[in-house]
Amino acid sequence: MLLERFEWICSQSADSAKFMYENGLMEGYVPEEGIKSALKHGTLGVGQIGLAETLQILIGCDHTTEKGMELAKRIEKLFYDRCKEFKEEYKLNFGTYFSPAENLCYTSMQKFKDKYGVIKNVSDKDFFTNSIHVPVWTKMTPMQKIDIESQLTGYSSAGCITYIELGGSVKNNIDALETIVNYAMDKDVPYFAINIPNDMCTKCGYTDDIGDKCPICGSTEIRRLRRVTGYLTGDYKTAFNKGKQQEVEMRVRHQKF
């Protein structure tokens, strides 16, 4: 599928990506070799979601356990090695992409349920867990989550993200933020994020981590900005599908329990 897509992209005219051509965003073009000489430097990503659910199906626990992590590493090495073989065979940048799966996390779960029904700890919700992430409902500290996911991020050669969830009050503790970021760097996490809720009362404009109603004017018309899939967008209750909405609502704050 990736090779077919690559060939199709290479067959397009310059007008299909005018901005890229005019601004030199793809380096390496050799006239006698054609447009493939530039496009071959891009990534052919094999996306992956649902490691936690896969482990539950196979051995009845996820990678927050020693047994689960052992199998998780074997699975991820298979992906990594296979993409490396493709890369050497085709001379193209194949790699495993730990995907956020904005829509697929929900649509694939619906298809799974239609075929296999509801299975505890696997399909008893509306979404598959992102990539190799710890399930969002698992209670643990920031360092514990980093410790677990950092063992697997190295198997992704096409991109990944590790994030933690904190409350809005952390804005008053910059030293804690710095400690967490430095810890992730020490663990060689390539892309690290800290999720902090950003709510705004649409009546009076008050912004903070807001509960059911605004503490200033009492309004319940709150816009809730969240990092849902690696970037910030509008209110998650309207900008994302049912699966992603449920995932956000099931997230726990990573703090000391």
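Basis for what follows: all heavy atoms, side chains included, without hydrogens, waters or symmetry-related copies.
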Could you go through residues 108-116 and list every donor-acceptor pair under 3.5 Å that involves a side-chain atom there, pairing it with any protein atom two or more places apart or in another chain?
from, atom 1, to, atom 2, distance (Å)
Ser108, OG, Leu104, O, 2.4
Lys113, NZ, Lys125, O, 2.7
Lys113, NZ, Asp126, OD1, 3.2

_Please give me the minimum heavy-atom distance between Ile216 and Cys204, naming the atom from each residue._
CB-SG, 4.1 Å

*asked:* When you measure from the side chain of His63 to the backbone of Gly68, do you find a donor-acceptor pair of N or O atoms at a distance under 3.5 Å?
replied: no

*By side chain to side chain contact (heavy atoms under 4.5 Å, CB included), which residues pair with Ala184, not counting sequence neighbours?*
Ile146, Val189, Phe192

*Intermediate values then yes/no, side-chain contact (heavy atoms from CB on, under 4.5 Å), Met143 and Ile180*: CA-CA 7 Å; Met143 278 54 173; Ile180 292 170; 4.1 Å; yes

*Calculate, to the nearest 0.5 Å, the distance between atoms CG and SG belonging to Asn103 and Cys105 respectively.*
7.5 Å

*asked:* Thr96 vs Glu76, test: side-chain hydrogen bond (donor to acceptor under 3.5 Å, both in side chains). Steps then yes/no.
replied: CA-CA 9 Å; Thr96 306; Glu76 297 312 325; 6.0 Å; no

*Enumerate the residue pairs fulfilling salt bridge (Lys or Arg N to Asp or Glu O under 4.0 Å) with a member in residues 23-43, sequence neighbours excluded, ordered by first and then second residue.*
Glu7-Lys36

*asked:* Suppose we screen for side chain to side chain donor-acceptor pair (under 3.5 Å). Which residues come up paired with Gln151, at least two apart in sequence or across chains?
replied: Lys73

_For the backbone of Gly45 and the side chain of Thr43, can you confirm whether one donor and one acceptor N or O come within less than 3.5 Å of each other?_
no

_Under the side chain to side chain donor-acceptor pair (under 3.5 Å) test, residues paired with Glu85 that sit two or more places apart_ = Arg82

_Which residues share a side chain to side chain donor-acceptor pair (under 3.5 Å) with Asn93, sequence neighbours left out_ = none

_Modelled atom types, side-chain donor and acceptor of Asp15 and Ser13, under 3.5 Å_ = no

*Supply the atom-to-atom distance Thr179 OG1 to Asn173 CG, rounded to the nearest 0.5 angstrom.*
8.0 Å

*asked:* Could you report the tightest heavy-atom contact between Cys83 and Val46, atom names first, then the distance?
replied: SG-CG2, 3.9 Å

_Can a donor-acceptor pair be found, under 3.5 Å and without considering hydrogens, that links the side chain of Ser37 to the backbone of Val30?_
yes

*asked:* Using only atom types and a distance under 3.5 Å, with no angle test, would you say the side chain of Gln255 pairs donor to acceptor with the backbone of Leu166?
replied: no

*When rounded to the nearest 0.5 angstrom, what distance separates CD in Gln12 from CD1 in Ile9?*
8.0 Å

_Enumerate the salt bridge (Lys or Arg N to Asp or Glu O under 4.0 Å) contacts for residues 188-216, please, sequence neighbours excluded, ordered by first and then second residue._
Lys171-Asp208, Asp199-Arg224, Asp199-Arg226, Lys203-Glu221, Asp209-Arg253

*Answer yes or no: are there more than 12 heavy-atom neighbours, outside Glu178 itself, under 6.0 Å from its atom CD?*
no

*To the nearest 0.5 angstrom, please state how far the CD1 atom of Ile35 sits from the SG atom of Cys10.*
7.5 Å

*For Asn195 and Ile164, run side-chain contact (heavy atoms from CB on, under 4.5 Å): C-alpha distance rounded to whole Å, both residues' side-chain angles, the deciding distance at 0.1 Å, then the answer.*
CA-CA 6 Å; Asn195 295 347; Ile164 62 166; over 6 Å; no

*Atom CG of Asn130 and atom CD1 of Ile161: how far apart are they, to the nearest 0.5 Å?*
9.0 Å

*Partners of Lys67 by salt bridge (Lys or Arg N to Asp or Glu O under 4.0 Å), sequence neighbours excluded?*
none

*Give the minimum heavy-atom separation between Ile132 and Gln48, together with the two atoms involved.*
CG2-OE1, 3.8 Å

*Give a yes or no on whether Met185 atom CE has more than 12 heavy-atom contacts from other residues, nucleotides or ligands under 6.0 Å away.*
no

*Got a donor-acceptor contact below 3.5 angstrom from the Asp124 side chain to the Asn121 backbone?*
yes

*Hey, is the main chain of Cys61 close enough, under 3.5 Å, to the side chain of Thr65 for a donor-acceptor pair?*
no

_side-chain contact (heavy atoms from CB on, under 4.5 Å) for Lys242 and Gln246? Distances and angles first, verdict last._
CA-CA 6 Å; Lys242 184 179 177 182; Gln246 186 188 53; 5.8 Å; no

*Write out all pairs satisfying ring pair (Phe, Tyr, Trp, His ring centres under 6.0 Å) with one or both partners inside residues 130-162, taking only residues at least two apart or from two chains.*
His133-Tyr163

*Quick one: closest heavy-atom pair of Ser157 and Gly95, and the distance?*
OG-CA, 3.2 Å

_Donor-acceptor contact below 3.5 Å, side chain Thr138 vs main chain Val134_ = no

_Residue pairs involving residues 142-158 (criterion salt bridge (Lys or Arg N to Asp or Glu O under 4.0 Å); sequence neighbours excluded)_ = Lys145-Glu149, Asp147-Lys187

*Sequence neighbours excluded - ring pair (Phe, Tyr, Trp, His ring centres under 6.0 Å) pairs with any residue from residues 73-94*: Phe86-Phe94, Tyr90-Phe94

*List the atom of Cys201, the atom of Ile210, and the distance in Å for their closest heavy-atom pair.*
N-CD1, 3.9 Å

*Starting at CD1 of Ile49, measure out to OG of Ser99 and round the result to the nearest 0.5 Å.*
7.0 Å

*Can any side-chain N or O of Ser156 pair as donor or acceptor with the backbone N or O of Thr153 at less than 3.5 Å?*
no

*Given side-chain contact (heavy atoms from CB on, under 4.5 Å), test Met140 with Thr64 step by step and report yes or no.*
CA-CA 10 Å; Met140 59 179 54; Thr64 59; 4.1 Å; yes

*Contact summary for Ala72 and Leu51, nearest pair of heavy atoms*: CB-CD2, 3.9 Å

*Salt-bridge test for Glu70 and Arg74: reply yes if a basic N is under 4.0 Å from a carboxylate O, no otherwise.*
no

*Which residues pass the side chain to side chain contact (heavy atoms under 4.5 Å, CB included) test with Leu25, sequence neighbours left out?*
Phe19, Met20, Asn23

